[in-house]
Amino acid sequence: MNDRKRRIFGIALSFGSLGLMLLLLAGVFDAGSAAEKESEQPPNFGKRLVLKTLAVHPHDPGAYTQGLIYYGGFLYESTGKYGKSSLRKVDIKTGKVLQNTALKSSYFGEGLERIGDSLYFLTWQEGFCFVFDRETLKFQKSFRYPGEGWGLAYDGTHLILSDGTPKLRFYDPTDFSLKKSVVVTEIDSQNRERKVYDLNELEMVDGELWANLWRTDRIARIDPKSGRVLGWIDCAVFVPEEYREQHKNPDLAERVLNGIAYDKENKKLYLTGKEWSVLYEIQVGWE
């Protein structure tokens with residue numbers, strides 16, 4: 001790695017009797033790098049990210065988690081698979097499903113996001129974004145979009161959609177018109193820029209866009225303005241032990257990390273995976 005161009009700090013893992021701490025240092029760009037050529041620095045530039053596990057809660061192992069959001073003390077979750085896709089309101093501590101609206105069997109549910117009192121729910125290959133009332137989970141309206149839908153996040157202006165490619169699409173939530181797009185890239189070990197594929201579930205976290213990478217145990221921290229990867233979060237330690245041999249057992253191939261919800265007010269992160277029996281509650285800090 002050429003440290004004149006970029007310094008990427010490593011990850012320290014510390015295990016305590018009361019919980020698990022992940023200490024991740026944000027990627028810092030040296031003078032002359034692409035980041036410093038921008039008029040604005042990426043969010044949390046040069047700060048250290050500290051994640052500390054606070055609790056482990058039960059999660060419905062039948063939920064093929066596609067989208068996860070936090071609001072008002074509850075989680076809202078979208079699940080996938082044909083004939084099993086649903087929109088749910090979930091109690092965090094017990095994992096109990098408090099409300100549930102199923103999609104028709106012809107739809108494969110994907111990412112989820114909230115704007116005001118409306119929940120936006122993507123479909124995989126059907127080209128629909130369904131909008132539901134947050135309180136009742138009743139259908140309100142729908143929008144069409146081209147291509148696939150994977151993850152969804154809201155930056156305060158646009159709905160950001162991932163589709164498994166390196167491209168993120170930014171839509172106007174009022175009419176789902178496409179406003180812009182960015183390509184997600186990172187600098188590899190040989191100081192070459194490369195595109196990042198398989199961006200899946202999305203979440204805005206303190207100005208950064210965090211993205212699960214499908215079939216991996218990593219989360220990419222992305223500058224949503226430029227598409228640059230600011231750093232990676234290695235979440236392998238969170239994967240339940242029975243699912244850690246996914247690459248050797250095709251029956252477990254889909255039971256991967258997928259689900260990021262952020263409680264901005266309390267700086268808490270919730271992580272889970274597809275058909276996992278656990279949900280992690282994590283404290284987020286910047287130093």
Side-chain angles (χ1 to χ4, degrees), residues 13 19-22 24 51-81 84-101 108-114 119 121-122 124 150-153 162 198-205 209-221 232-246 251-264 266-284:
L13 296 179
L20 167 70
M21 178 181 290
L22 275 77
L24 300 104
L51 303 179
K52 181 179 181 180
T53 300
L54 301 177
V56 182
H57 304 295
H59 178 256
D60 179 9
Y64 191 79
T65 304
Q66 299 287 64
L68 195 67
I69 57 176
Y70 171 90
Y71 182 74
F74 300 94
L75 292 178
Y76 293 85
E77 182 175 21
S78 59
T79 68
K81 292 189 174 181
K84 294 184 178 181
S85 296
S86 66
L87 172 61
R88 305 169 168 203
K89 180 180 180 179
V90 179
D91 180 81
I92 294 174
K93 292 186 177 180
T94 66
K96 181 180 179 181
V97 178
L98 304 176
Q99 291 174 264
N100 185 18
T101 295
F108 192 116
E110 283 282 351
L112 182 69
E113 186 54 280
R114 180 190 67 86
L119 298 171
F121 188 179
L122 295 179
W124 177 31
W150 287 35
L152 197 63
S162 67
D198 293 330
L199 300 169
N200 201 358
E201 216 270 311
L202 306 176
E203 182 76 9
M204 291 297 301
V205 178
L209 180 65
W210 289 14
N212 283 123
L213 257 67
W214 184 49
R215 290 187 175 180
T216 78
D217 304 326
R218 298 195 300 164
I219 293 174
R221 296 173 41 229
W232 294 92
I233 303 173
D234 185 349
C235 297
V237 70
F238 288 121
V239 179
E241 186 173 356
E242 60 267 33
Y243 304 150
R244 291 180 184 174
E245 297 298 316
Q246 297 157 352
D251 293 334
L252 303 179
E254 296 296 326
R255 294 186 177 182
V256 295
L257 181 79
N258 200 59
I260 311 170
Y262 188 50
D263 174 2
K264 182 177 180 180
N266 296 301
K267 302 293 184 183
K268 288 184 181 181
L269 190 72
Y270 297 92
L271 294 180
T272 190
K274 298 175 186 288
E275 299 177 331
W276 283 16
S277 59
V278 293
L279 169 83
Y280 293 92
E281 180 179 340
I282 300 165
Q283 193 72 57
V284 177

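Numbers here are sequence positions counted from 1.
Atoms CH2 and CG, on W210 and L271 in that order, are 8.0 Å from each other to the nearest 0.5 Å.
Here the shortest heavy-atom pairing between G109 and F121 reads CA-CE2, 3.6 Å.
Counting only heavy atoms from C-beta outward, the side chains of L51 and Q283 never approach each other to under 4.5 Å. At a threshold of 4.5 Å between non-hydrogen side-chain atoms, the residues I69 and E203 count as touching. For the pair W150/W214, a side-chain contact is recorded, criterion being any heavy-atom separation below 4.5 Å from C-beta on. Counting heavy atoms from C-beta on, the side chains of N212 and I260 come closer than 4.5 Å. Annotation: side chain of V256 is not in contact with side chain of T216 (no heavy-atom distance under 4.5 Å).
Counting only distance, with no hydrogens or angles, the side chain of Y70 and the backbone of G73 share a donor-acceptor pair below 3.5 Å. Side chain of D234 to main chain of A236: a donor-acceptor pair is present (N/O by atom type, distance under 3.5 Å, no hydrogens or angles). When atom types are taken as modelled, the side chain of T272 and the backbone of V278 share a donor-acceptor pair closer than 3.5 angstrom. No side-chain donor-acceptor contact under 3.5 Å links E201 to the backbone of L152. Side chain of H59 to backbone of L279: no donor-acceptor contact under 3.5 angstrom is found. No donor-acceptor distance shorter than 3.5 angstrom exists from the side chain of N100 to the backbone of R88, with no hydrogens or angles considered. Judged by distance alone, the side chain of S162 and the main-chain N or O of G151 form a donor-acceptor pair under 3.5 Å. In this structure a side-chain-to-backbone donor-acceptor pair under 3.5 Å is missing from E281 to A55.
Every residue was checked against the ring-ring contact (aromatic ring centres under 6.0 Å, His included) condition with Y76, not counting sequence neighbours, and none meets it. Residues meeting the side-chain contact (heavy atoms from CB on, under 4.5 Å) test with E275, sequence neighbours left out: Y64, K81, R255.
Salt bridge annotation for K89-E77: absent, with no cationic side-chain nitrogen under 4.0 angstrom from a carboxylate oxygen.
For NZ of K93, the number of neighbouring non-hydrogen atoms (other residues, nucleotides, ligands) closer than 6.0 Å is 12 at most.
A donor-acceptor contact closer than 3.5 angstrom is absent between the side chains of S85 and T79.
Paired with L269 under the rule side chain to side chain contact (heavy atoms under 4.5 Å, CB included), one option of D263, L54, I282 passes, and it is I282.
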